Amino acid sequence: MGLNLSSKCREYGWGMYGLLVTLILASIYLSVAVNQTSNTVREKVTTLLEEKIPSLTGLSDYESALLRYQLALNKYFARSISRDRFMVVEGEARQEMAITFNYMLKGLDKPDDVNNIRDSYAADLALAPLLDAELTKSNVDWNKARNILVDLNTNTIAIRAQLDQLQAQLETASSVSTTEVVQDVKASSFLVHLYTAGSLFIAFFMIYQFKARLTSERKLAFQAWHDPLTKLPNRLSFEHRLTVLGEDPHTVVLGAADRFAHIVGGIGHQRADQLIVEVTKRIQEVAKLHGGEVFRLDGANIAVLYKFTNSHTDFYTSLEALKRLGTLPVYIEEQEIHVTVSLGVSEYPIHGLAPSDLLKNADAALTAAKESGGDSYVFYSHSLNDRSQEKLALQAALGHAVEHAELELYYQPQFDITRSRLVGFEALVRWIRSDLIVSPADFIPLAESSGLIVPIGSWIFREACNQIKIWNEGREEKLLMAINISPRQFNHPDFMLMVREHLAKSGADPSWIELEITEGVMIQRPERTALLMKHLRQIGTKLAIDDFGTGYSSLSYLKHFPASKLKIDQSFIRQLKLGSSDAAIVQAVITLGHSLGIEVIAEGVETEEQLSLLRNWGCDQIQGYYYSRPLPADKAGDFMDICAGPTMAWNNSTLAPS
């Protein structure tokens, strides 16, 4: 996709460069063509103006002068004018004919065309002196004088015929020149119009592209500052907004949907997006009522910015309103979903001066709200940061716990109630740091969130396989080793490879291994989970659903997965009493498991009353302090020896022979 887009961008760029080069070449060509046309037109017009038209004008003037010359001789013959007047008029006509004759010659392509006119013109000029000589005689020969006039008229008619012919030639030549000039001008105009049309096309195309680019840039700018799903301002906008506020009082509230990963696993990513849109819409409506600005940071994390401190009366009203949103169900494609929200609060300037400090401290408060169970809000305090620093230090130390041999496995026995015998152990990891035991409640969630659970889980699996191989060596009735598999470890691409590799290296029979996965794992990626569980069963391992009853959609998913055991979470056992709601749930789980052909084990059993109730309801196995706390490997080995001896009496985690 990225390569195609890059290729299209290059093609678009070369296309634009091509248009610009075409426009430049067209400009050069048009300039040359118009220049050539201008020179041609200039030459033709110059010829027309300086030769053809002057010749036509000279032709006309010469003819007029000739007629005046002829008229002067006729008037002199008729004695209409005196000899003196004749001499003046004849001289003027003779001079004018000479001038116009030479002017007429300029426009003629072939001067030979006027040789006949030249001869007739010379003959006419010779007749005036002859007529004057004849008319000034004392005895005038009128016939001779009349013949002179006849010759004059004959020559004049001939000259006029020749002049008409020349005029026709000049007019034709002028018309051709004019037509050629018009055609050249039209051709030049066509080129100009064509260039103008092309320029307009390219201009409009570039305007369109420029507009499209501006639109694209506006979209990119919007996307850079807004979340594409909810159209809310994003983290970049939020940080910029905090910077712009400067020293004005303001309070930051970070919010996140509780257990959102579980919800996504239950409804899928597409409907989860719809859920986010609906939840953020509700948050925005509530926040706006109290002057808050809403931003989507990432995932299901929302930020609300108030331009006042938390001492403002509207602030607590807004917080309570945001918290109450969790009581309202959200309907996505007719499925009802309840989403609670955890909120973390930090205030400028008491909780930080820089935007980054405010965000960090609000996030620390949000984490505390989540860890307290969610559906609450927590104000930042310095102790939260201290706790965060402790977590970072703990995480860094945890990263080296395996290589420093600080991790150790403890084993808690599991008992078959009906046969009163030991059936296996659950492997539980302990972290001994500087001779102190770090609580699993502190480091297991940290390992899960940081990804360290994958290498730690691999180490646990290897050690547990090695241990069960030792314990079952030569043992007639084999024990099970229950191993917890975290969601992150289960979904790791190399999980099956890790299982096969450690089973092969340890030599443990796969049927001795029982993998415990939470039901939350089943609903995150159900198709992949079902396939993976099928492969695990095919290689011989057993599968138990841990913490059953605490997740989502348990019943609808359970029938699709090849589980061999259900493990009732200790939260249902801790307050177990006859007639309680916990009792109803436990009985229902036992009945459900048996109806599906699945064994049921209850964890967290600590009292005789709990054991009695579970036995009466048909629970298959139990595990808890009633029989034994988790034991290191050597103590667990001793425990096995005691269990293999005579009948035992058990008393609240104290093992003693009867």
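Heavy-atom basis, side chains included; hydrogens, waters and symmetry copies ignored. All of these numbers come straight from a predicted model, not from anything done at the bench. Position 1 is the first residue of the sequence; numbering continues from there.
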S.K.: Would you find more than 12 non-hydrogen atoms of other residues, nucleotides or ligands less than 6.0 Å from Lys635 atom NZ?
M.R.: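 12 or below, so no.
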S.K.: With side chain to side chain contact (heavy atoms under 4.5 Å, CB included) as the criterion, how do Ile483 and Ile460 come out once you've worked through the C-alpha distance, each side chain's angles and the decisive distance to 0.1 Å?
M.R.: CA-CA 8 Å; Ile483 305 172; Ile460 293 172; 4.1 Å; yes
S.K.: What is the minimum heavy-atom distance between Val339 and Ala257, and which atoms define it?
M.R.: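 Smallest heavy-atom distance, with atoms named: CG1-CB, 3.7 Å.
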S.K.: Would you tell me whether Gln621 and Gln414 have side-chain atoms, one donor and one acceptor, within less than 3.5 Å of each other?
M.R.: no
S.K.: Answer yes or no: is there an ion pair linking Arg430 with Glu406, defined by an N-O contact shorter than 4.0 Å?
M.R.: no
S.K.: Go through the side-chain N and O atoms of Thr607 and Tyr626 and say whether any donor and acceptor fall under 3.5 Å apart.
M.R.: no
S.K.: Enter the distance from Leu305:CG to Thr251:OG1 here, rounded to the nearest 0.5 Å.
M.R.: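 Result: 8.0 Å between the selected atoms.
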S.K.: Would a distance-only check, ignoring hydrogens and angles, find a side-chain to backbone donor-acceptor pair under 3.5 Å from Asn234 to Arg296?
M.R.: no
S.K.: Got Leu536 and Phe490 here, is their nearest side-chain heavy-atom distance under 4.5 Å?
M.R.: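 They are in side-chain contact.
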S.K.: Inspect the surroundings of CD in Gln270 and state if more than 12 heavy atoms from other residues, nucleotides or ligands are less than 6.0 Å away.
M.R.: no
S.K.: Do Leu480 and Ile468 pass the side chain to side chain contact (heavy atoms under 4.5 Å, CB included) test, and can you show the C-alpha distance, the side-chain angles, and the key distance before you say yes or no?
M.R.: CA-CA 8 Å; Leu480 275 178; Ile468 198 64; over 6 Å; no
S.K.: Going by heavy atoms in the side chains, are Leu242 and Phe238 under 4.5 Å from each other?
M.R.: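 Touching, per the 4.5 Å side-chain cut-off.
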S.K.: Can a donor-acceptor pair be found between the side chains of Tyr306 and Glu293 at a distance below 3.5 Å?
M.R.: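 Per modelled atom types, Tyr306 and Glu293 side chains form no pair under 3.5 Å.
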S.K.: Is the backbone of Ala544 close enough, under 3.5 Å, to the side chain of Lys567 for a donor and an acceptor to pair up by distance?
M.R.: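 Side chain of Lys567 to backbone of Ala544, a donor-acceptor pair under 3.5 Å: no, none is there.
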S.K.: A quick test of your reading: do over 12 heavy atoms of other residues, nucleotides or ligands sit less than 6.0 Å from CD of Glu336?
M.R.: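 It does: Glu336 CD has more than 12 such atoms within range.
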S.K.: Under 3.5 Å, is there a donor-acceptor pair between the side chain of Asp375 and the main chain of Thr340?
M.R.: no
S.K.: Taking the side chain as C-beta and beyond, is there a heavy-atom pair between Leu343 and Leu319 under 4.5 Å?
M.R.: yes
S.K.: Do you know the tightest heavy-atom contact between Arg574 and Gln610?
M.R.: O-NE2, 3.4 Å
S.K.: Quick one: CZ on Phe461 to CD on Glu501, what's the gap to the nearest 0.5 Å?
M.R.: 10.5 Å
S.K.: Can you see which heavy atom on Asp363 is nearest to which on Leu254, and at what distance?
M.R.: N-CD1, 3.5 Å
S.K.: Is the Tyr316 ring parallel, tilted or perpendicular to the Phe379 ring (thresholds 30°, 60°)?
M.R.: tilted
S.K.: May I ask you to test the Gln274-Glu278 pair for a side-chain heavy-atom distance under 4.5 Å?
M.R.: no
S.K.: Counting only heavy atoms not in Gln575, do more than 12 fall under 6.0 Å of its CD?
M.R.: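 Open: at most 12 neighbouring heavy atoms sit under 6.0 Å from CD of Gln575.
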S.K.: Hey, does the side chain of Lys478 reach the backbone of Asn472 with a donor-acceptor pair shorter than 3.5 angstrom?
M.R.: yes
S.K.: So Phe295 and Leu232, do their side chains get closer than 4.5 Å, heavy atoms only?
M.R.: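 Side-chain contact under 4.5 Å: no.
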S.K.: Does His250 reach the main-chain N or O of Asp248 with its side chain, forming a donor-acceptor pair under 3.5 Å?
M.R.: yes
S.K.: Ignoring hydrogens and geometry beyond distance, is a side-chain donor-acceptor pair present between Glu426 and Gln412 at under 3.5 Å?
M.R.: no
S.K.: Sub-3.5 Å donor-acceptor pair from the side chain of His290 to the main-chain atoms of Gly292, do we have one?
M.R.: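 Side chain of His290 to backbone of Gly292: no pair is present.
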S.K.: With the side chain counted from C-beta on, respond yes when Pro630 and Tyr625 share a heavy-atom pair under 4.5 Å apart, and no when they do not.
M.R.: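 Yes, their side chains come closer than 4.5 Å.
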S.K.: Establish, from distance only, whether the side-chain atoms of His502 and Ser458 form a donor-acceptor pair under 3.5 Å.
M.R.: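 Their side chains do contain a donor-acceptor pair, which is all the 3.5 Å distance test asks for.
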S.K.: For the backbone of Gly624 and the side chain of Ser628, can you confirm whether one donor and one acceptor N or O come within less than 3.5 Å of each other?
M.R.: no
S.K.: Taking all non-hydrogen atoms of both residues, which atom of Cys619 and which atom of Ile590 are closest, and how far apart?
M.R.: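 It is CB-CD1, 3.8 Å.
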S.K.: If the plane angle is over 60° it's perpendicular, under 30° parallel, otherwise tilted; pick one for Phe639 and Phe415.
M.R.: perpendicular
S.K.: Look only at the side chain of Thr280 and the backbone of Val277, and say whether a donor-acceptor pair between them is shorter than 3.5 Å.
M.R.: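 Pair found, side chain donor or acceptor close to backbone of Val277.
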S.K.: Determine the interplanar angle of the Phe425 and Trp471 rings, folded into 0 to 90°, and report it as parallel if under 30°, tilted if 30 to 60°, perpendicular if over 60°.
M.R.: tilted
S.K.: Can you confirm whether Trp431 sits close enough to Asp442 that some side-chain heavy atom of one is under 4.5 Å from a side-chain heavy atom of the other?
M.R.: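 No, their side chains stay 4.5 Å or more apart.
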S.K.: Dump the intermediate steps for side chain to side chain contact (heavy atoms under 4.5 Å, CB included) on Arg462 and Ser506, then the final yes or no.
M.R.: CA-CA 7 Å; Arg462 183 189 69 202; Ser506 67; over 6 Å; no
S.K.: Look up atom CG in Leu543 and atom CG in Leu566, then write down how far apart they are to the nearest 0.5 Å.
M.R.: 11.5 Å
S.K.: I'd like to check Leu479 versus Met640 (side-chain heavy atoms, cut-off strictly below 4.5 Å). Are they in contact?
M.R.: yes
S.K.: Looking at His226 and Phe222, would you say the former's side chain and the latter's main chain have a donor-acceptor pair under 3.5 Å?
M.R.: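 Confirmed, His226 side chain pairs with Phe222 backbone.
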S.K.: For Val600 and Lys565, what are the C-alpha separation, side-chain angles and deciding distance, and is it a side chain to side chain contact (heavy atoms under 4.5 Å, CB included)?
M.R.: CA-CA 6 Å; Val600 180; Lys565 187 181 293 183; over 6 Å; no
S.K.: Strictly by modelled atom types, are Ser486 and Glu448 linked by a side-chain donor-acceptor pair under 3.5 Å?
M.R.: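 Yes, a side-chain donor-acceptor pair sits under 3.5 Å.
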S.K.: If I take atom CG from residue Leu359 and atom OG from residue Ser346, how far apart are they, to the nearest 0.5 angstrom?
M.R.: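 OG of Ser346 is found 7.0 Å from CG of Leu359.
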S.K.: Within this structure, what is the CG-OH distance for the pair Leu245 and Tyr348, rounded to the nearest 0.5 Å?
M.R.: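 Leu245 atom CG to Tyr348 atom OH measures 9.5 Å (nearest 0.5 Å).
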S.K.: Do the charged groups of Arg235 and Asp298 touch, with an N to O distance under 4.0 Å?
M.R.: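 Salt bridge flag = yes for Asp298 with Arg235.
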S.K.: Rounded to the nearest 0.5 Å, what's the gap from CG on Asp546 to CG on Asp569? Could you check?
M.R.: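 That separation rounds to 7.5 Å.
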S.K.: Which atom pair, heavy atoms only, marks the closest approach of Ile456 to Ala447?
M.R.: CD1-CB, 4.2 Å
S.K.: Compare every heavy atom of Ser564 with every heavy atom of Glu514, then report the nearest pair and how far apart it is.
M.R.: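 The answer is OE2-OG, 4.3 Å.
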S.K.: I'd like to know if the side chain of Glu603 and the backbone of Ile622 have a donor-acceptor N/O pair within less than 3.5 Å.
M.R.: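 It does not hold such a pair.
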